[in-house]
There are 2 protein chains.
Amino acid sequence: MSECTHANHNELVIKTRDGMPDIDTMFELADFFKVFSDSTRIRIMSALFQGELSVCCIAEILNMEQSTISHQLRVLRRENLVKVRKDGKQSYYSLADDHIRQIFEMGLEHIGE
Amino acid sequence: MSECTHANHNELVIKTRDGMPDIDTMFELADFFKVFSDSTRIRIMSALFQGELSVCCIAEILNMEQSTISHQLRVLRRENLVKVRKDGKQSYYSLADDHIRQIFEMGLEHIGE
DNA sequence: ACAACATATGAATAGTTGTTCATATGTTCA
DNA sequence: TGAACATATGAACAACTATTCATATGTTGT
């Protein structure tokens, strides 16, 4: 760990540290955004914006293996971003959080779409 | 790729695909959020919310190696989330995008802080 | 009870990513 | 010009993650 020598350094370090969120909060935040960092999950959420879907529908919409989708839905479930409704053989997934749309919008704005 | 057999399947697949964003856009979106998915980068951005900082200040605030910070700042620069101002020996970094605050807020709301 | 189907899950693998170390580049000041 | 400092960067390594395959669990209709 290097030591800085320029003026006001220590003071600034302390003051900035003090204004930052709790360290655990920042780790949680990173974990939360990690869910959005994979294109398969983004595509699943994009599909679910249009309403609930069964696992095999999602698989076919994305043209991917059913087990891939199941694994990724588990990740989304773990972070409370989707909910499941079981009906017979099928599991219907839908979005569980209103923030998702807003977060998507802001991302799209940034990348300029 | 499994084939679903339940009613309305093909129609739903087509319709849903049609309502989804462009596939390239979804990949870009994932890449954008990937930047927020690491705790070191989250901590750097949290520090920068309070104003511009030199690399070595950030390193000391986070108590991490200077080179780690430099590498991560490069990632943030690549995605246009920070900008640099060079002054003598030092590089001062600051946030480059107003969306960052909003995205943070929404993440914090979701995790319930 | 059995066959067909839908979903979930464990293990293995390949690809990606964050950190560290060593070092290069560039700046300031004596 | 040389020493001290600030930052950037390449290579190596360890840790993590997404996907696939195989298979288990659970449901429906015959």
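Because only heavy atoms are used, hydrogens play no part in the values below, and waters and symmetry mates are left out as well, while side chains stay in. Numbered from 1 within each chain, the chains take letters A, B, ... in sequence-line order.
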Just jot down the side-chain contact (heavy atoms from CB on, under 4.5 Å) partners of A:E105, sequence neighbours excluded, or say none. none
Terminal axes of the helix from C:dA1-D:dT30 to C:dA30-D:dT1 (five pairs each): angle between them, nearest 10 degrees: 30°
In whole angstroms, how far is the C1' atom of D:dA18 from the CD1 atom of A:I69? 11 Å
Partners of A:D98 by salt bridge (charged side-chain N to carboxylate O under 4.0 Å, His left out), sequence neighbours excluded? none
Contact list (N/O, under 3.5 angstrom) for nucleotides 28-30 of chain D vs protein:
none

I'd like a table of atom pairs between the protein and nucleotides 21-24 of chain D - only N or O on both sides, under 3.5 Å - with the distance next to each one.
unit_1: D:dC21; atom_1: N4; unit_2: A:S67; atom_2: OG; d: 2.9

With sequence neighbours excluded, residues passing side chain to side chain donor-acceptor pair (under 3.5 Å) with A:S70: A:Q66
List in chain and number order the residues that pass side-chain contact (heavy atoms from CB on, under 4.5 Å) with B:K83, two or more places apart in sequence or in another chain; answer none if no residue qualifies. B:S94, B:A96
Counterpart residues, side-chain contact (heavy atoms from CB on, under 4.5 Å), relative to A:S91 (two or more places apart): A:V55, A:V84, A:K86, A:Y93
Would you indicate what A:S91 reaches in the nucleic acid, counting non-hydrogen atoms under 4.0 angstrom: base, sugar-phosphate, or nothing? sugar-phosphate
Minimal non-hydrogen separation, A:I111 against B:T25, with atom names: CD1-O, 4.0 Å
Counting distance only, does the side-chain N/O of A:H110 pair as donor-acceptor with the main-chain N or O of B:L81 below 3.5 Å? no
B:M26 and A:S46 have their tightest heavy-atom pair at SD-OG, 3.4 Å
Pairwise ring-ring contact (aromatic ring centres under 6.0 Å, His included) hits with a residue in residues 35-68 of chain A, at least two apart: A:F32-A:F36, A:F36-B:F33, A:F49-A:F104
Can you list every pair that meets salt bridge (charged side-chain N to carboxylate O under 4.0 Å, His left out) and has a residue in residues 36-57 of chain B, with sequence neighbours left out? B:E52-B:R85
Provide, to the nearest angstrom, the distance between the CD atom belonging to B:Q90 and the P atom belonging to C:dT28. 10 Å
In residues 29-52 of chain A, which residues come under 4.0 Å of DNA chain C by heavy atom? none
Whole-Å gap separating P (C:dG18) and CZ (A:F27): 13 Å
Who passes side-chain contact (heavy atoms from CB on, under 4.5 Å) against B:R74, sequence neighbours left out? B:H71, B:R77
Calculate the interatomic distance between B:R78 atom CZ and C:dT16 atom P; express it in whole Å. 13 Å
Closest-nucleotide 5' rank along DNA chain D - winner of A:Q72 and B:S70: B:S70
Whole-Å distance between C:dT17 P and B:E79 CD? 11 Å
Heavy atoms only: give me the nearest A:I100-A:M45 pair and the separation to one decimal. CG2-SD, 4.0 Å
A:D31 bridged to A:K34 by N-O distance under 4.0 Å: yes
Mind calculating the distance between CZ (A:R74) and P (D:dA18) to the nearest angstrom? 11 Å
Is there side-chain contact between A:L62 and B:M20, with heavy atoms separated by less than 4.5 Å? yes
Taking OP1 and OP2 of C:dA6, is either one under 4.0 Å from a side-chain nitrogen or oxygen of A:Y93? no
Mind calculating the distance between CD1 (A:I58) and P (C:dA8) to the nearest angstrom? 10 Å
Taking CZ from B:R85 and P from D:dT7, how many angstroms apart are they, rounded to a whole number? 12 Å
